[in-house]
Amino acid sequence: MTQDLGIAAFSLRGKIAVVTGGMGQLGRQFTLALASSGARVAVLDVRTDAEFIAARYGDRALAGDLLFCQVDVTDRTSLEAGLERIEQAWGTPDVLVNNAGLDSPPNAPAEENGPFETYPTASLDRVLDVNLKGVVLCCQVFGGAMAAAGRGSIINISSIYGLVSPDQRLYTYRAESGAPFYKPVAYSVSKSGLLNLTRYLATYWAGKGVRVNTLTFGGVFNHQDETFLRNYASRVPLGRMAREDEYNGAVIFLASDASSYMTGANLVLDGGWTAW
Ligand SMILES: NC(=O)c1ccc[n+]([C@@H]2O[C@H](COP(=O)([O-])OP(=O)(O)OC[C@H]3O[C@@H](n4cnc5c(N)ncnc54)[C@H](O)[C@@H]3O)[C@@H](O)[C@H]2O)c1
């Protein structure tokens with residue numbers, strides 16, 4: 001007798017997925033992971049010209065299961081045009097990964113990473129626009145289409161800095177080089193806002209067959225400077241940053257029927273950051 005191991009529940013064969021920010025470091029990973037599980041994937045980003053697609057995806061872009069759409073998540077008209085293109089090519093999406101996001105990287109202009117008291121209002125607007133309003137708009141446009149179709153899974157990408165405060169001690173070494181660095185407030189408040197957007201929509205759309213969950217990540221290795229990497233590692237029980245492919249399994253889980261009884265939840269992959 002063969003035992004059913006339940007692997008089939010993870011299949012995305014026949015599904016249509018949308019990944020916002022799909023040209024970025026993690027968006028590219030999620031796109032390729034979803035496609036390798038059988039989905040056709042629409043890659044949405046502000047820049048999707050041929051040269052950039054070739055640089056990010058190479059020949060993989062030509063296989064026919066990826067569709068690149070230039071979309072600004074802060075602009076509802078642009079999102080509606082993206083949906084129309086996807087529906088004409090393939091049909092109504094089954095999966096939405098709200099991954100597009102803005103952060104202030106360690107090399108951002110000084111005022112972006114200065115003290116809370118003088119954090120620029122323009123930066124607050126810019127980050128909240130993409131990280132929070134952009135996700136609401138994507139849920140309205142793509143989630144609305146899913147609800148009308150009576151099925152779907154939405155995955156909102158958050159961060160440990162949306163669950164707990166950034167540990168500013170990680171960055172104090174930057175003051176020694178004359179440029180004090182604070183992880184800014186806009187990123188944290190925008191990412192924590194996603195937690196309750198998830199709960200709001202999970203209950204709002206439960207009767208329509210659309211599941212909504214948050215996926216919370218810890219930091220990903222991306223050639224950060226040595227002192228930062230050492231400080232970060234000492235703060236994580238698993239002793240290192242994540243590899244960029246280590247969140248793919250969770251995305252497939254949440255996108256697929258393997259998570260069919262999960263909605264309104266927050267799945268945390270952080271190497272244990274929030275465990276102590
Ligand atoms: N990298 C990490 O360490 C980390 C940790 C926790 C959470 N996250 C989250 O994961 C997600 C992806 O992060 P990443 O590191 O791959 O970032 P990234 O900067 O490499 O990619 C983000 C992508 O979003 C796109 N984007 C920005 N504004 C947009 C807009 N208005 N419309 C459409 N697309 C837009 C960018 O062009 C970019 O391609 C983000 O939401 C981020 O907050 C990342």
Side-chain angles (χ1 to χ4, degrees), residues 18-33 42-49 52-53 55-57 68-83 96-108 123 125-138 141-142 154-164 166-167 170 183-184 186-195 197-198 214-224 228-229 232-233 235-236 240-248 250-251 254 266-271 273-274:
V18 174
V19 177
T20 69
M23 300 299 281
Q25 185 187 18
L26 294 177
R28 178 178 173 280
Q29 284 290 321
F30 301 156
T31 297
L32 295 175
V43 176
L44 273 47
D45 212 303
V46 278
R47 188 182 161 199
T48 56
D49 54 278
F52 196 37
I53 292 171
R56 297 294 289 139
Y57 283 89
F68 294 87
C69 301
Q70 195 209 337
V71 160
D72 180 345
V73 296
T74 66
D75 175 1
R76 190 174 167 130
T77 308
S78 138
L79 288 167
E80 285 167 347
L83 175 64
L96 168 65
V97 185
N98 280 312
N99 165 77
L102 291 183
D103 190 6
S104 295
N107 60 357
S123 306
D125 286 342
R126 206 165 47 83
V127 174
L128 290 179
D129 240 27
V130 174
N131 293 10
L132 198 50
K133 190 179 96 179
V135 178
V136 173
L137 293 180
C138 285
V141 173
F142 297 105
I154 298 177
I155 304 168
N156 293 325
I157 303 297
S158 188
S159 157
I160 47 173
Y161 289 171
L163 265 186
V164 293
D167 186 343
L170 257 64
K183 191 75 185 174
Y187 187 75
S188 289
V189 298
S190 64
K191 288 300 183 183
S192 58
L194 296 183
L195 291 165
L197 174 65
T198 290
T214 304
L215 191 46
T216 292
F217 299 148
V220 179
F221 175 75
N222 195 9
H223 309 283
Q224 291 92 341
F228 172 79
L229 288 172
Y232 193 97
R235 179 66 179 71
V236 190
R240 60 177 176 85
M241 300 194 86
R243 291 190 316 268
E244 64 179 13
D245 64 354
E246 284 186 298
Y247 301 137
N248 294 347
V251 169
L254 289 177
N266 179 29
L267 184 57
V268 180
L269 285 83
D270 65 356
W273 177 283
T274 51

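Below, all heavy atoms of this structure are taken into account, side chains as well, without hydrogens, waters or symmetry copies. In listed order, ligands and their atoms are each counted from 1.
Residues with a heavy atom under 4.0 Å from ligand 1: Gly21, Met23, Gly24, Gln25, Leu26, Asp45, Val46, Val71, Asp72, Val73, Asn99, Ala100, Gly101, Leu102, Val130, Ile157, Ser158, Ser159, Tyr187, Lys191, Phe217, Gly218, Gly219, Val220.
Residues Val268 and Asp270 meet the side-chain proximity criterion, which asks for heavy atoms closer than 4.5 Å. Using a 4.5 Å heavy-atom threshold, the side chains of Asp45 and Phe52 count as separate.
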Got a list of side-chain donor-acceptor pairs under 3.5 Å for residues 154-162, not counting sequence neighbours?
residue	atom	partner	partner atom	Å
Asn156	OD1	Asn98	ND2	2.9
Asn156	ND2	Thr198	OG1	2.9
Ser158	OG	Lys191	O	2.9
Ser159	OG	Tyr161	N	2.9
Tyr161	OH	Tyr171	OH	3.0

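Separating the CG atom in Asn99 from the CE atom in Met23 is a distance of 12.5 Å, to the nearest 0.5 Å.
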message: Pair Lys183, Asp103 - check salt bridge (charged side-chain N to carboxylate O under 4.0 Å, His left out), show working.
response: CA-CA 9 Å; Lys183 191 75 185 174; Asp103 190 6; 3.0 Å; yes
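Under the 6.0 Å cut-off for aromatic ring centres, Tyr232 and Trp273 qualify, their centroids lying closer than that.
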